[in-house]
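What follows is a single structure, written as structure tokens, with notes after it.
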Amino acid sequence: MVFSGSPPLERRIRTVVLALLLCAQAGFGFSVAGQDGTCEANGSLYFVGEWYFLESDQCTQCECTSEGSACSRTECSSLPAACIHVSHYPTDCCPRCEKIGCEYRGVVYDLGQNFQPSECEQCTCDSDGIARCLVADCAPPPCVNPNYQPGKCCPECKEGPNCYVNASRSQVIPAGEPIWVDSCTKCRCHDGQDAGFWEGNRLASCSRLKNCTPEQPSVKKN
């Protein structure tokens, strides 16, 4: 029986076939596993137009196209020059800078911070992450037995300027006026008033009386 108003079966079949041909010509396709229209990666199937990152390389991003996967790799930007703590997480493509500053002798300082790592050093943490320091230049102390005091950079002469009497360095005399070191020998340390100055001469200048025999220390008899 044929209802009025319904197209014949043959005409409906021709309409469906024509519609399928038009879809094929327009570039539409069915995404069926193993056939055109999907991309396989990371153990999964992706449809045309989908984006994904490679699990083996988080810096590589791909798009599934009708011709296959089209991939490009992300270029990481440079980290700050003053970065001293870098983290690289497994799910991130590029490393992260967690801390900027300067590290000097195992201690971290903030950018622009001034610090004194020792009595003789004054340092600044510059914007490029490098600690730059000025080191004090101490003048030679005017004595043969200087002392270093806590909190002070340069040594001090607690007993004042002095020098050795001779090369044996067994006797020390104070600087200033000439001193008789025995009954025949008079010595004097160089000081700032002398042309040679003290710093290059730690031995005294001595003069000895002619035809003089030094007195021997008396020995007490019991």
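Because the structure is predicted, anything quoted here is derived from the model rather than measured. Numbers here are sequence positions counted from 1.
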Please name the pair of heavy atoms, one in Ile100 and one in Pro80, separated by the smallest distance, quoted to 0.1 Å. CG2-CB, 4.2 Å
When rounded to the nearest 0.5 angstrom, what is the spacing between [atom1] in [X] and [atom2] in [Y]?
X: Glu63; Y: Ser72; atom1: CD; atom2: OG; result: 9.5 Å
X: Thr38; Y: Phe47; atom1: OG1; atom2: CZ; result: 7.5 Å
X: Cys143; Y: Arg202; atom1: SG; atom2: CZ; result: 8.0 Å
X: Gln171; Y: Cys163; atom1: CD; atom2: SG; result: 10.0 Å
X: Gln61; Y: Leu54; atom1: CD; atom2: CG; result: 9.5 Å
X: Lys186; Y: Leu209; atom1: NZ; atom2: CG; result: 8.0 Å

Test side-chain contact (heavy atoms from CB on, under 4.5 Å) applied to Cys189 and Ile173, step by step: CA-CA 8 Å; Cys189 292; Ile173 61 173; 3.7 Å; yes
Is Cys153 disulfide-linked to Cys120, taking SG-SG under 2.5 Å as the test? yes
Cys59/Cys93 sulfur atoms closer than 2.5 Å: yes
Counting N and O atoms only, with roles assigned by atom type, does the side chain of [X] sit under 3.5 Å from a partner on the main chain of [Y], one being a donor and the other an acceptor?
X: Asp128; Y: Ile130; answer: yes
X: Asn114; Y: Gln122; answer: no
X: Arg188; Y: Gly176; answer: yes
X: Asn166; Y: Ser168; answer: yes

Step through the shown structure and confirm whether more than 12 heavy atoms of other residues, nucleotides or ligands are within 6.0 Å of CD on Glu159. no
Pairs flagged by side chain to side chain donor-acceptor pair (under 3.5 Å) wherever residues 173-182 is involved - sequence neighbours left out: Asp182-Thr185
Before giving the answer on side-chain contact (heavy atoms from CB on, under 4.5 Å), spell out for Glu119 and Gln149 the whole-Å C-alpha distance, their side-chain angles and the decisive distance to 0.1 Å. CA-CA 10 Å; Glu119 288 82 355; Gln149 301 297 321; over 6 Å; no
Exercise: do Ser69 and Tyr52 side chains pair donor with acceptor under 3.5 Å: yes
